[in-house]
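The next block holds one structure in the form of structure tokens; read it before the comments.
Values below: every heavy atom of this structure, side chains too, minus hydrogens, waters and symmetry copies. What you see is a predicted model, and the numbers here were worked out from it, not measured in a lab. Order of the sequence lines sets the chain letters (A, B, ...), proteins ahead of strands, with each chain counted from 1.
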Amino acid sequence: MTPEELSKIIKESLESLIAAGKLEISQSPEIKIERPKNKEHGDYSCNIALVVAKPVGKNPRDIAQLFVDKLGANPSIKRIEIAGPGFLNFTLDSKSMGEVAKTILQQADEYGHTNSFNGETINIEFISANPTGPLHLGHTRWAAVGDALARVLAASGAKVVKEFYINDRGAQIDKFGISICAAANNEPIPEDGYHGAYVKELASEITKDKPQILKLSKQEQEIEFREEGYKRQLKQQQLVLKDFRTIFDVWYSERSLHSSGAVEKGLSKLKKYGHVFEKDGATWLKTTDFGDDKDRVLVKADGEYTYFASDTAYYVDKRSRGFEVNIYLLGADHHGYVNRLRAVAACAGDNPDKNVEVLIGQLVKMLKNGQEVRLSKRAGNIITLEDLVDEVGVDAARYTLIRYPVNTSVTLDIDLLTSHTNDNPVFYVQYAHARISAVLRAASEKKIDWQKSSFNPAALVVQQETELLGALSEFPRVVASSAQLREPHRVARYLEELATAYHSFYSSCRVLPLIGEDVTDETIARLMLCAATQQVLKNGLSLIGVSAPEKM
RNA sequence: GCGCCCGUAGCUCAACGGAUAGAGCAACUGGUUUCUACCCAGUAGGUUGGGGGUUCGAUUCCCUCCGGGCGCACCA
């Protein structure tokens, strides 16, 4: 029996208790099934009596007793106990527990998928860097977390589109062009320009490919270098992200927003809702109507659209493409945007609580030999995605960035991430997968055809086996809650627990028969358990975009 | 000044309002002739920054103070 099935049975009991007039509540409560930390509390615990107690006005332990009476006869449940303030603690029949392994092998790659977000269309926008340089550590965090979040949401049934907004318009990209142009002409790059070594590289590449550019006027050169640099830098970002296994569905250009008329369209929609006004020759959006601390300019007095105008148009455009939920992943230095974005939604007649979600990612630092790394060869005083991947590889980089909740800052310790031991969680988890693969390989070498043998779940009775089964049964709910809370780090943490449960099982339960021993029900059941664990590790790692190696 | 995030074991960090606050590292004990020791089991370590409040129950929610990070453009 999976926890989902248990939860269903409990809900049915609740309904029948209500129907029988033994409980009176108006709305169905949020009940939780958990794996108790304390083993003495059984396989699963449920808080239903505690939750129901208040609206019903009865003692939680008395209510718990009603459920015990109702559920006690179920053959899959070996024991129910009322504990503490009114928890229901379930101990399942070992046969029923063992069946989880079979469920997992049947569902295979689908195990962990749920339909909890069926019908939701979600746009998730992240990184959205200027195409004026390499991606830095902050972007890298989002590349990993945003992608994992998208996968977790998709696994929960949502229709997800990953989007990268290209800031290819405005002062920054102009400065980029000016900087490359200066470098190409061996002139000093302006103070407020781009100074990384990559600017010089771009300059020499471009002049090599298109030497005629240098014959143009200065102004024309700046434009040409800007366009060439943009093209190449964008391509570079796309390549780097592809190697990092973060694939975007949509690369949305800010310029296209202007050329397609989306900006005017967005503006007219906002006007319709009456929050646009004129002041000092400029056009403003009255975002203070919805909690922003000051109003924002859409069109400057000189007739130019602001960056904010693009932002609002982009939001309106996303909504017109049918996205109910729009998730923005931003760096900590952009937290001032949260109220602004919410206000934009409200000004466009939407509900910010529903249509806009902003996640703020805190700072990422890199540590090597106990010292903070501050300098990158190519990019000057920022550390790039490539710097990190060069040091630790894609798997370790992704895993570590995803492992922590985004609203805390992280420090990546290079020395630790390259170590192959217990204190490096990436290896710990991957090693569990490799270890299982080795066992299954050995089984096939010994010609043990466990896949075709009959599975006796009751053969799994040792405590470490039960623990492992319990951990495996948790997976779908971990994925669903990661999606719901927008916290993919829960998947990584779960995988570590699962790996621990497996290593513990492995060291106390011999799987394959020794020479002279026979293949028994236990052998087959344990191989099934190994295969199920391998499957879940693989599914979980794939949700965070980390490889599941067969050998290490 | 206003706003956002953070403060948990010596260190790096977990913990959807749930039971005795957990992992790893470091320290100390043990364990493998056997499927990958890149492992496992155990001991010790805490006033969850301080103080109030809400709750049957608070690391979690609210208020306040202290400490740290970040942000407050007709820039992008």
Side-chain angles (χ1 to χ4, degrees), chain A residues 30 32 34 36-38 40-41 45 47 50-51 53-54 59-60 83-87 89 130 132 167 169-175 192 254 279-284 293-294 296-308 310-311 331-339 358 360-363 367 403-411 413 416 419-425 427-428 430-432 434-443 445-446 464 477 481-482 484-485 487 489-490 492-493 496-497 500 502-515 526-527 530 551-552:
Chain A
E30 282 270 320
K32 273 192 270 181
E34 283 186 328
K37 293 168 205 152
N38 189 333
E40 287 164 25
H41 295 152
S45 77
N47 67 344
L50 291 161
V51 180
K54 184 169 276 178
N59 181 322
F87 289 101
N89 292 338
N130 289 330
T132 55
N167 296 135
R169 193 177 172 279
Q172 289 308 315
I173 193 141
D174 287 344
K175 280 178 194 166
D192 62 348
E254 186 187 353
K279 193 181 100 186
D280 304 333
T283 307
W284 299 66
D293 42 6
K294 55 191 78 164
R296 308 288 167 180
V297 174
L298 289 163
V299 187
K300 294 189 253 179
D302 63 9
E304 278 285 307
Y305 286 109
T306 59
Y307 184 84
F308 177 66
S310 303
D311 271 357
D333 53 342
H334 284 63
H335 75 248
Y337 282 39
V338 179
N339 283 336
V358 186
I360 297 295
Q362 298 295 321
L363 207 74
L367 215 62
R403 190 172 179 254
Y404 302 99
V406 292
N407 55 4
T408 60
S409 53
V410 281
T411 304
D413 187 331
L416 192 145
S419 74
H420 291 204
T421 55
N422 210 337
D423 50 338
N424 183 357
F427 279 90
Y428 186 74
Q430 287 187 318
Y431 177 58
R435 199 176 214 189
I436 296 171
S437 304
V439 173
L440 296 178
R441 272 198 303 273
E445 276 161 25
K446 284 176 190 280
Q464 282 82 355
R477 289 180 309 122
S481 71
S482 295
Q484 194 185 358
L485 300 166
E487 291 183 349
H489 77 274
R490 286 170 188 277
R493 296 288 172 165
E496 289 164 34
E497 277 176 36
T500 299
Y502 182 78
H503 288 310
S504 174
F505 156 79
Y506 179 91
S507 68
S508 58
C509 300
R510 171 83 204 181
V511 177
L512 298 171
L514 293 167
I515 296 163
R526 284 181 175 171
L527 281 166
C530 286
K551 284 183 184 174
M552 287 179 81

Q. Do A/Thr306 and B/A73 share a donor-acceptor pair, side chain to base, under 3.5 Å?
A.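 Answer is no: no donor-acceptor pair is held.
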
Q. Can you find a donor-acceptor N/O pair under 3.5 angstrom joining the side chain of A/Asn89 to the base of B/A19?
A.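 For A/Asn89, whose side chain was compared with the base of B/A19, there is a donor-acceptor pair (under 3.5 Å).
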
(Q) So does A/Val299 get a backbone contact from the side chain of A/Thr306, meaning a donor-acceptor N/O pair under 3.5 Å? (A)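 No, A/Thr306 side chain to A/Val299 backbone: no donor-acceptor pair under 3.5 Å.
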
Between [N] and [M], how many Å separate the two [atom1] atoms, rounded to a whole number?
{"N": "B/C74", "M": "B/C16", "atom1": "C1'", "answer": "44 Å"}
{"N": "B/G1", "M": "B/G57", "atom1": "P", "answer": "37 Å"}
{"N": "B/A9", "M": "B/A44", "atom1": "C1'", "answer": "11 Å"}
{"N": "B/G42", "M": "B/U36", "atom1": "C1'", "answer": "24 Å"}
{"N": "B/G30", "M": "B/G17", "atom1": "P", "answer": "43 Å"}
{"N": "B/C61", "M": "B/G67", "atom1": "C1'", "answer": "22 Å"}
{"N": "B/G45", "M": "B/G24", "atom1": "C1'", "answer": "14 Å"}
{"N": "B/C66", "M": "B/A14", "atom1": "P", "answer": "26 Å"}

Minimum heavy-atom separation for [X] to [Y], with atom names?
{"X": "A/Ala434", "Y": "A/Met552", "result": "CB-CG, 3.7 Å"}
{"X": "A/Arg441", "Y": "A/Lys551", "result": "NH2-CG, 3.4 Å"}
{"X": "A/Glu304", "Y": "A/Asp302", "result": "N-OD1, 2.9 Å"}
{"X": "A/Phe308", "Y": "A/Val297", "result": "CD2-O, 3.6 Å"}
{"X": "A/Asn424", "Y": "A/Leu416", "result": "ND2-O, 3.3 Å"}

Q: Ignoring backbone atoms, test whether A/Lys300 places a side-chain nitrogen or oxygen under 4.0 Å from the OP1 or OP2 oxygen of B/C75.
A: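 Looking at the OP1 and OP2 atoms of B/C75, one of them is under 4.0 Å from a side-chain N or O of A/Lys300.
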
Q | Below 4.0 Å: OP1/OP2 of B/C5 and any side-chain N or O of A/Asn407 | A |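 Looking at the OP1 and OP2 atoms of B/C5, neither is under 4.0 Å from any side-chain N or O of A/Asn407.
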
Q) With a 4.5 Å heavy-atom cut-off, do A/Leu50 and A/Phe87 have their side chains touching? A)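 In contact.
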
Q: Check whether any side-chain heavy atom of A/Pro85 lies under 4.5 Å from a side-chain heavy atom of A/Pro60, and answer yes or no.
A: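 No; the side chains remain at least 4.5 Å from each other.
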
Give one of base, sugar-phosphate or nothing for [X], where a contact means two heavy atoms less than 4.0 Å apart.
{"X": "A/Asn167", "answer": "nothing"}
{"X": "A/Asn130", "answer": "sugar-phosphate"}
{"X": "A/Ala171", "answer": "sugar-phosphate"}
{"X": "A/Ala83", "answer": "base"}

Rounded to whole Å, please give me the gap between [atom1] in [X] and [atom2] in [N].
{"X": "A/His334", "N": "B/C5", "atom1": "NE2", "atom2": "P", "answer": "17 Å"}
{"X": "A/Asn47", "N": "B/C56", "atom1": "CG", "atom2": "C1'", "answer": "13 Å"}
{"X": "A/Asp333", "N": "B/C6", "atom1": "CG", "atom2": "P", "answer": "17 Å"}

For nucleotides 10-16 of chain B, tabulate all protein N/O to nucleotide N/O atom pairs closer than 3.5 Å, reporting atom names and distance.
from: B/C13; atom 1: O2'; to: A/Arg493; atom 2: NH2; distance (Å): 2.8
from: B/A14; atom 1: OP1; to: A/Thr408; atom 2: OG1; distance (Å): 3.4
from: B/A15; atom 1: OP1; to: A/His489; atom 2: NE2; distance (Å): 2.7
from: B/C16; atom 1: OP1; to: A/Arg490; atom 2: NH1; distance (Å): 2.4
from: B/C16; atom 1: OP1; to: A/Arg490; atom 2: NH2; distance (Å): 2.7

Q.
Strictly by Watson-Crick or wobble contacts shorter than 3.5 Å, is anything paired with B/G46, and which nucleotide is it?
A.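 With both distances under 3.5 Å required, B/G46 matches none.
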
Using atom names, set out every protein N or O paired with an N or O of nucleotides 2-4 of chain B below 3.5 Å, distance rounded to 0.1 Å.
from: B/G3; atom 1: N2; to: A/His335; atom 2: NE2; distance (Å): 2.3

Q: Starting from the 5' end of RNA chain B, give me the residue, A/Thr500 or A/Ala282, whose nearest nucleotide shows up first.
A: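 Looking at the nearest nucleotide for each, A/Thr500 comes out on the 5' side.
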
Q: Nearest-nucleotide wise, let me know which of A/Phe308 and A/Val51 is further upstream toward the 5' end of RNA chain B.
A: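 Checking each residue's closest nucleotide, the 5'-ward one belongs to A/Val51.
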
Q | Nucleotide-resolved protein contact map, nucleotides 31-39 of chain B, B/S/- at heavy-atom distance under 4.0 Å | A | ---BBBSBS

**Q.** Ring-on-base stacking B/A19 with A/Phe87 (under 5.5 Å, under 30°)
**A.**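 Yes; by the centre-distance and plane-angle rule, A/Phe87 counts as stacking on B/A19.
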
Q. So, do A/His41 and B/A19 meet the stacking rule of ring centres under 5.5 Å and planes under 30°?
A.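 The base of B/A19 is stacked with A/His41 (centres under 5.5 Å, planes under 30°).
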
Q: Check the pair A/Phe505 / A/Tyr502 against ring-ring contact (aromatic ring centres under 6.0 Å, His included), numbers first and verdict last.
A: CA-CA 5 Å; A/Phe505 156 79; A/Tyr502 182 78; 5.6 Å; yes

Let me confirm one number: the [atom1]-[atom2] distance from [X] to [Y], rounded to the nearest 0.5 Å.
{"X": "A/Leu527", "Y": "A/Ile436", "atom1": "CG", "atom2": "CD1", "result": "11.0 Å"}
{"X": "A/Glu487", "Y": "A/Arg493", "atom1": "CD", "atom2": "CZ", "result": "11.5 Å"}
{"X": "A/Asn407", "Y": "A/His335", "atom1": "CG", "atom2": "NE2", "result": "13.5 Å"}

Q) Do A/Thr132 and A/Gln172 get their side chains close enough for a donor-acceptor pair, meaning under 3.5 Å? A)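 Side-chain D/A pair, A/Thr132 to A/Gln172: absent.
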
